[in-house]
Number of protein chains: 2
Amino acid sequence: MTSPIKILLAEDQGLLLGALCALLDLEPDMQVVGKASDGKQALQMARELRPDILLTDIEMPVMTGIELARHIQQSDLCCKVIILTTFARSGYLRRAMDAGVKGYLLKDAPSDELANAIRRVMQGRKMIAPELIVDAWEEADPLSDKERRALKLAADGQQTEQIARAMHLSPGTVRNYLSSASSKLNASNRIEAARIARQKGWL
Amino acid sequence: MTSPIKILLAEDQGLLLGALCALLDLEPDMQVVGKASDGKQALQMARELRPDILLTDIEMPVMTGIELARHIQQSDLCCKVIILTTFARSGYLRRAMDAGVKGYLLKDAPSDELANAIRRVMQGRKMIAPELIVDAWEEADPLSDKERRALKLAADGQQTEQIARAMHLSPGTVRNYLSSASSKLNASNRIEAARIARQKGWL
DNA sequence: ACTTTAATGTGACAATTGTCATTAATCGCT
DNA sequence: AGCGATTAATGACAATTGTCACATTAAAGT
């Protein structure tokens, strides 16, 4: 047997970070070499520690897991990124694959599968949570950037006037954007549109 | 030293459940005697296994952690319940205290604090996440039941007409409820009202 | 029996939102 | 310069929402 698989963890939820570390350290062929609680920190540690695997959450402060994966991909590090997230959203998966990740797992999965997934990825395979494989061939995000931004603000309860100020647009234009977003998503108002978009991971 | 602290875990996120188990089993004075992935299952296991501590999430399928705590309290089990949740919402904490829980911790906390918190609770202390202690003396939930229900549906993007049908009320009445909810929460529309209510844990 | 109180409904009006057709300005491209 | 595409704005109108004053009804006290 060769040297153990060196793993770097990135997860902002302190408890899960520590617990994952305990879990993986139980595996004789793995070794957690570092723990980061945001994306930026993880990137820096990856450069120093040269892990084989970077296991990261998506939603983290400072830098998201997706951005992190993109940076790793563009660097000279030969570190395989595995995403570990709560959200079974097809939009996230698509963006993650574009960023070159090797695995996309859900926190819902039983914990004993994790170590195996890591080993498979080390062998060069890709591991995608089964719940998502079907979804993956779903529609692409139809929203424009402006539509997305307006929808986000609307979902917070801001009204047209305020959204317009925030986006440096006229109220009329904002209503146009929200209207077109709604029609693209087959929603009957901005709130429903936001809900749908969020559920698909487009928001 | 006496026998180890017997712990039952309830958590629907499979990965965290397994990882927590690994983490706690590292402590020499603790022993995880059971793992449940929903509230109902946890209640049944608590009756069979008689753990000293029940460590549970709030948001679980079938039965929430709060309901679970209430059942335990009303039973003859002398099992101390500790809530472990992502959400720093004062409403949740209040309801949890009413249900007689002995601890309320956040998943954000560093993992090494968990074992200590459990030991403290075993000694009869109460452990509340510091972020929440300030919040705890905040305002009580001002919403009526109908207001809450209407707000929930509105937050989904349903419009007055549909909400009215769902609640067997006239559209006018629904608008009245939403209006009064908004004014109670100092919101300027139903969406903002829903956002505020959700943030406080009232929804 | 006679208030009181809470829950529900109505109607009216203003404000906000949704929809659409049309126009204007800007940019890249040939 | 001229063409299409993109982005932003306008105006008009209908629909939905927010607000409030005011019935109506049915318990719940006293």
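Owing to the predicted nature of the structure, the values given are computational and were not obtained by experimental measurement. Chain A is the first sequence line, chain B the second, and so forth, proteins listed ahead of strands; every chain is numbered from 1.
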Hey, is the side chain of A:Lys146 poking within less than 4.0 Å of OP1 or OP2 on D:dA8, counting only N and O atoms? yes
Of all residues at least two apart in sequence or in a different chain, which pass the side-chain contact (heavy atoms from CB on, under 4.5 Å) check with B:Arg149? B:Met167
Between B:Glu59 and B:Thr85, does any side-chain donor sit less than 3.5 Å from a side-chain acceptor? no
Any side-chain hydrogen bond (donor to acceptor under 3.5 Å, both in side chains) pairs touching residues 160-174 of chain B, not counting sequence neighbours? B:Thr160-B:Arg190, B:Ser170-B:Thr173
Does B:Asp145 pair with B:Arg148 as a salt bridge, N-O distance under 4.0 Å? yes
Where along nucleotides 13-27 of chain D does protein come under 4.0 Å, by heavy atom, of base (B) or sugar-phosphate alone (S), with - for untouched nucleotides? ---SBBBB-------
Looking only at heavy atoms, what is the nearest atom pair of A:Pro110 and B:Leu15, with distance? O-CD1, 4.5 Å
Exercise answer: donor-acceptor pairs, residues 39-50 of chain A side-chain atoms, under 3.5 Å, sequence neighbours excluded:
residue	atom	partner	partner atom	Å
A:Gln41	OE1	A:Ser37	N	3.2
A:Gln41	OE1	A:Ser37	OG	3.3
A:Arg50	NE	A:Arg47	O	3.3

Sorted by first residue and then second, give each salt bridge (Lys or Arg N to Asp or Glu O under 4.0 Å) pair with at least one member in residues 6-23 of chain B; sequence neighbours left out. B:Glu11-B:Lys107
Counting heavy atoms from C-beta on, name the nucleotide in D:dA9, C:dG9, D:dT7 closest to the side chain of A:Ser170. D:dA9
B:Asp145 CG - C:dA6 P separation (whole Å): 16 Å
At their closest point, which heavy atom of B:Ala154 faces which heavy atom of A:Ile191, and how far apart are they? O-CG2, 3.8 Å
What is the bend of the helix from C:dA1-D:dT30 to C:dT30-D:dA1 when you compare the axis at one end with the axis at the other, using five pairs each and rounding to 10°? 30°
Atom-to-atom span, CD of A:Glu147 to P of D:dT6 - whole angstrom: 13 Å
